[in-house]
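Below, read A as the first sequence line, B as the second, and so on, with proteins coming before strands; counting in each chain starts at 1.
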Protein chains: 2
Amino acid sequence: MARTVIRADRMPVKDPGVERALAKLRARDVLSPEEERVFVESIAETREIAAHRQIVRAGTTLTHSILLLDGFACRYKDLADGERQIQELHIAGDYVDLHGFLLKTLDHNVGALSDVRIALVPHDALRAITEQQPHLARLLWFSTLLDAAIQRERILSIGRRNSLARIAHLICETFLRMKVAGLAGPDRYPLPITQTDIADACGLTAVHVNRMLRRLRDDGLMTFRAGEVVIHDWDGLVHLAEFDPTYLHLDRRPR
Amino acid sequence: MARTVIRADRMPVKDPGVERALAKLRARDVLSPEEERVFVESIAETREIAAHRQIVRAGTTLTHSILLLDGFACRYKDLADGERQIQELHIAGDYVDLHGFLLKTLDHNVGALSDVRIALVPHDALRAITEQQPHLARLLWFSTLLDAAIQRERILSIGRRNSLARIAHLICETFLRMKVAGLAGPDRYPLPITQTDIADACGLTAVHVNRMLRRLRDDGLMTFRAGEVVIHDWDGLVHLAEFDPTYLHLDRRPR
DNA sequence: CGACTATTTGACGCCAGTCAACACCGGTGG
DNA sequence: CCACCGGTGTTGACTGGCGTCAAATAGTCG
């Protein structure tokens, strides 16, 4: 998949990528059939983007927001000396820049960690939702609040957890999020990213991540190999990471 | 100010705390008089809370959101060993838990760093705004997106900036935010918090913060003393911290 | 095969943490 | 008036977790 492909046709209702995005919302509140229809019809087109390419560059004026249908992406920012920090890891079903709807420009880049498939949602459609579908609008708002909660937990991780717990925490969080999207097995999930990506997400170096992954493997907690995570000891991992999923707000209630 | 005081009277229109919150929104978009009125009237009551007390505890079910009218507060979380991480520093005019409106419970605590005055806004009033004032609702949504942007920048800071730049960055950011709220002088602003608080915000220890503050002072960049920050060399600070205020989205445009 | 990227491992260095002692300061009470 | 006290700030000596540098190995794609 070397270059971007544009498909101008409207989304079929049963696209599995869109289904994952709906699953994410349905896990937090009840959507009416009407709301689901509006959500699906807000999508203008889909594209495919190859791994390691930028999806959105910081600072450009935006007219669409992007829903990640397949693959892995991230929000990141670089410092002058080339140091990169991944601010959030995105899985299929995540809106990678819904906040661009109101911020108008992003203060960070969005990049594809794997080959990805995305959907473009015009800001006009989002604005119409805020004016005609207040409940659906609240759920979209909620979805940006969920990103913020995930980012807050990352602050705690990087600021106060040691390197081992930091990595374990990222693995735990991603496991639950993949489960919600219907993309995880009972004890495993695909994670086709590099150790350098994990390092950039955790504020560490790739060398140290390698050592800590080895320790997690040697201690029988988990294995990360060939783009797949296998959980050997969930309770052990949760305990090590002090992982408390409350911040993922995985409860269905009126919002 | 030893205990909480409840004032049941409705806010006067010209309360300076509310004015700061409006200034924050006006810096990003134009509000109609009608919208300003609805914003002001959404406030049910005000309270005063003493320094070092909790304002909101993680996990409790919320029926109101809290606007900080005066003083300094923070969002924070603790780990089992007692390590604390401040996830966001709040200044007067900030909504400290507007996200609680849709999350229903907070995944973190909110604490008063100084004596504070707060306003309570019922979630019912916020819901009504989403149903009757879509533009004002978008501005409230925007205000939560701004918090998220600030938190993302904190991730970059803690993950990739060294301790000196990390502290300098926090000082720069807070300076601009205080300016927007009308609370900063040309080269100084009040910051009545401890070095331990700065350490908890930056993912450092109080001892190391002390050393770095000394260095910033010795290098003629800034002074933090007796609850006040004095900027000696703004350009130098900005350069050291690689501070780029883009993420504060300080541009007035239709949202 | 050859070029390239990602992973792995070892040796060594440094930034920030830890531990400890002391200074300072406002408040409190004898 | 001063002794006391807890919270905060300051400084020095030492430690250690993670980074840096370097090199070998493994995996992948044309």
Side-chain angles (χ1 to χ4, degrees), chain A residues 1-2 50-53 72 79 81-86 111-115 157-170 191-218 222-229 240, chain B residues 1-2 50-53 72 79 81-86 111-115 157-170 191-218 222-229 240:
Chain A
M1 182 167 14
H52 311 302
R53 301 191 74 93
F72 291 81
L79 288 180
D81 61 359
E83 295 259 53
R84 161 166 307 195
Q85 179 65 45
I86 291 179
L113 293 174
S114 68
D115 290 345
S157 242
I158 299 179
R160 294 299 187 208
R161 286 186 175 92
N162 65 31
S163 61
L164 198 65
R166 225 180 280 183
I167 295 169
H169 192 278
L170 180 67
L191 191 65
I193 68 179
T194 68
Q195 294 185 0
T196 301
D197 294 331
I198 293 178
D200 288 344
C202 292
L204 298 166
T205 59
V207 171
H208 198 64
V209 165
N210 181 277
R211 285 191 258 257
M212 293 303 105
L213 284 175
R214 181 190 219 301
R215 189 136 121 215
L216 289 170
R217 187 172 357 111
D218 290 351
M222 58 149 288
T223 304
F224 171 69
R225 217 193 119 268
E228 188 184 49
V229 169
L240 168 64
Chain B
M1 184 165 15
H52 311 301
R53 301 190 75 93
F72 292 81
L79 288 180
D81 61 0
E83 295 260 54
R84 162 167 307 195
Q85 178 65 45
I86 291 180
L113 293 174
S114 67
D115 290 345
S157 243
I158 299 179
R160 292 300 186 206
R161 286 186 175 94
N162 64 32
S163 62
L164 198 64
R166 225 179 281 182
I167 295 169
H169 192 278
L170 180 68
L191 191 65
I193 67 178
T194 68
Q195 294 184 0
T196 301
D197 294 330
I198 295 178
D200 288 344
C202 292
L204 298 167
T205 59
V207 171
H208 198 64
V209 165
N210 181 277
R211 284 192 259 257
M212 294 302 105
L213 284 174
R214 180 191 219 299
R215 187 135 121 216
L216 289 170
R217 186 171 357 109
D218 290 351
M222 58 148 288
T223 304
F224 172 67
R225 218 193 118 267
E228 188 185 48
V229 169
L240 168 64

Student: Provide, to the nearest angstrom, the distance between the CD1 atom belonging to A:I158 and the P atom belonging to D:dC18.
Tutor: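 Distance, rounded to whole Å: 13 Å.
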
Student: Rounded to 10°, tell me the angle between the two end axes of the helix from C:dC1-D:dG30 to C:dG30-D:dC1, each built from five pairs.
Tutor: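 It works out to 30° between the end axes.
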
Student: Does B:R214 have a side-chain nitrogen or oxygen under 4.0 Å from the phosphate oxygens OP1 or OP2 of D:dT10?
Tutor: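 So the side-chain polar atoms of B:R214 never come under 4.0 Å of the phosphate oxygens OP1 or OP2 of D:dT10.
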
Student: Roughly how far, to the nearest 0.5 Å, is the CZ atom of B:F224 from the CD1 atom of B:I167?
Tutor: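 Rounded to the nearest 0.5 Å, the CD1-CZ separation comes out at 10.5 Å.
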
Student: Extract, from 5' to 3' on DNA chain C, the first and final nucleotides lying under 4.0 angstrom from some heavy atom of chain B.
Tutor: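 Extent of the interface on DNA chain C: C:dA16 to C:dC19.
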
Student: Look only at the side chain of A:D115 and the backbone of A:A51, and say whether a donor-acceptor pair between them is shorter than 3.5 Å.
Tutor: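 Yes; at least one donor-acceptor contact below 3.5 Å.
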
Student: From NE2 of B:H208 over to P of D:dG9, roughly how many Å is that when rounded to an integer?
Tutor: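 That distance rounds to 16 Å.
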
Student: Show the atom names and distances, to 0.1 Å, of all donor-acceptor pairs under 3.5 Å that link a side chain in residues 203-212 of chain B to residues at least two apart or in another chain.
Tutor:
from   : atom 1 : to     : atom 2 : distance (Å)
B:T205 : OG1    : B:H208 : N      : 3.3
B:H208 : NE2    : B:S163 : OG     : 3.1
B:N210 : ND2    : B:Q195 : OE1    : 3.0

Student: Is the backbone N or O of B:E83 less than 3.5 Å from a side-chain atom of A:R160, with the two atoms forming a donor-acceptor pair by type?
Tutor: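 No, A:R160 side chain to B:E83 backbone: no donor-acceptor pair under 3.5 Å.
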
Student: Rounded to the nearest 0.5 Å, how far apart are CD1 of A:I193 and CG of A:L113?
Tutor: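 It is 6.0 Å, given to the nearest 0.5 Å.
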
Student: Could you grab the distance from atom CG of A:L213 to atom CE of A:M222, nearest 0.5 Å is fine?
Tutor: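 Answer for the CG-CE pair, A:L213 versus A:M222, is 5.5 Å.
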
Student: Does a distance-only test, which skips hydrogens and angles, find a donor-acceptor pair under 3.5 Å between the side chain of B:R215 and the base of D:dT11?
Tutor: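 A donor-acceptor contact between them is absent.
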
Student: Heavy atom of residues 159-166 of chain B under 4.0 Å from DNA chain C: which residues?
Tutor: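 Result for residues 159-166 of chain B: B:N162, B:S163, sorted by number.
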
Student: Please give me every residue in residues 194-206 of chain A whose heavy atoms get under 4.0 Å of an atom in DNA chain D, ordered by residue number.
Tutor: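 Within residues 194-206 of chain A, the residues near DNA chain D are A:G203, A:L204, A:T205.
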
Student: With DNA chain D as reference, determine whether A:V209 or B:V207 sits nearer its 5' end, using the nearest nucleotide of each.
Tutor: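 Per heavy-atom nearest nucleotide, the more 5' residue is B:V207.
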
Student: Show the nearest heavy-atom pair for residues B:F72 and B:S114, with the distance to one decimal.
Tutor: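 Residues B:F72 and B:S114, closest heavy atoms: N-OG, 2.9 Å.
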
Student: What heavy-atom pair brings B:R166 and B:C202 nearest, and what distance separates the two atoms?
Tutor: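 Closest approach of B:R166 to B:C202: NH1-O, 2.9 Å.
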
Student: According to side chain to side chain contact (heavy atoms under 4.5 Å, CB included), who are the partners of A:R84, at least two apart in sequence or on a separate chain?
Tutor: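 Side chain to side chain contact (heavy atoms under 4.5 Å, CB included) list for A:R84, sorted by chain: A:Y76, A:D78, A:D200.
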
Student: What pairs with B:R214 under side chain to side chain donor-acceptor pair (under 3.5 Å), at least two apart in sequence or on another chain?
Tutor: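 Side chain to side chain donor-acceptor pair (under 3.5 Å) check on B:R214 returns B:D218.
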
Student: Atom pairs under 3.5 Å, N or O on each side, protein against nucleotides 24-30 of chain D: can you list them with distances?
Tutor:
none

Student: Just how far, in rounded Å, is C1' of D:dG9 from CG of B:N210?
Tutor: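 Those two atoms, CG and C1', are 6 Å apart.
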
Student: Nearest 0.5 Å, please: how far is CD1 in A:I86 from CG in A:L170?
Tutor: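 Interatomic distance, A:L170 CG to A:I86 CD1, rounded to 0.5 Å: 9.0 Å.
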
Student: Over all strands shown, is B:R211 touching base, sugar-phosphate only, or nothing at heavy-atom distances under 4.0 angstrom?
Tutor: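 Base contact - B:R211 has a heavy atom under 4.0 Å of at least one base atom.
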
Student: My understanding is that only residues two or more places apart in sequence, or in another chain, count here; which of them pass side chain to side chain donor-acceptor pair (under 3.5 Å) with B:T196?
Tutor: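 Listed in chain order: nothing, the list is empty.
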
